[in-house]
Amino acid sequence: MTAAERLYQLIQTLPEEQITEVLHFAEFLHQKQLTTVAPAQAIPPGTLTGLRGIAKQPGDAPSDEELQADYTDYLTQKYQ
């Protein structure tokens, strides 16, 4: 008797709620198999991950002091 046949016989003795749990677990295993077998795709279009680095400025990142000074200047100009 195969594992599938044994499982089928066992499931027939379970109440409906437990059968649903077994079904959900089997669907989880199936989905897990599909994601591990399928090759990793490129970053799907429309995700924020696809925008990573798009606003990166050339050169070194500004220091905390430079950022604070720039922000202070921005607020001073905005509220004058």
Side-chain angles (χ1 to χ4, degrees):
M1 180 178 292
T2 67
E5 292 169 337
R6 288 178 33 210
L7 180 61
Y8 180 71
Q9 284 183 347
L10 180 61
I11 285 178
Q12 289 178 330
T13 65
L14 296 175
E16 187 65 30
E17 299 83 29
Q18 289 180 340
I19 293 173
T20 303
E21 287 182 39
V22 172
L23 175 62
H24 289 156
F25 182 68
E27 289 171 340
F28 164 76
L29 291 177
H30 179 70
Q31 186 64 34
K32 184 178 171 184
Q33 178 189 11
L34 291 177
T35 57
T36 57
V37 172
Q41 295 181 350
I43 297 171
T47 63
L48 291 177
T49 308
L51 299 176
R52 181 181 24 193
I54 197 168
K56 185 176 179 180
Q57 298 177 350
D60 295 333
S63 66
D64 288 342
E65 292 80 19
E66 291 172 325
L67 290 173
Q68 185 177 8
D70 286 346
Y71 190 62
T72 303
D73 291 343
Y74 163 76
L75 290 176
T76 303
Q77 290 175 6
K78 181 176 180 179
Y79 294 109
Q80 282 186 350

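Throughout, residue positions are numbered sequentially from 1 according to the sequence presented.
Hydrophobic cluster of V22: the remaining members, joined at side-chain heavy-atom separations below 4.5 Å, are L7, I11, L14, I19, listed by chain and number.
Atom CD of E5 is separated from atom CD of Q9 by 7.5 Å, given to the nearest 0.5 angstrom. Atom CG of residue D73 and atom CD of residue Q68 lie 10.5 Å apart, to the nearest 0.5 angstrom. With values rounded to the nearest 0.5 angstrom, T13 atom OG1 is found 8.5 Å from Q18 atom CD. Once rounded to the nearest 0.5 Å, the distance linking CD of E65 with OG1 of T72 reads 11.5 Å.
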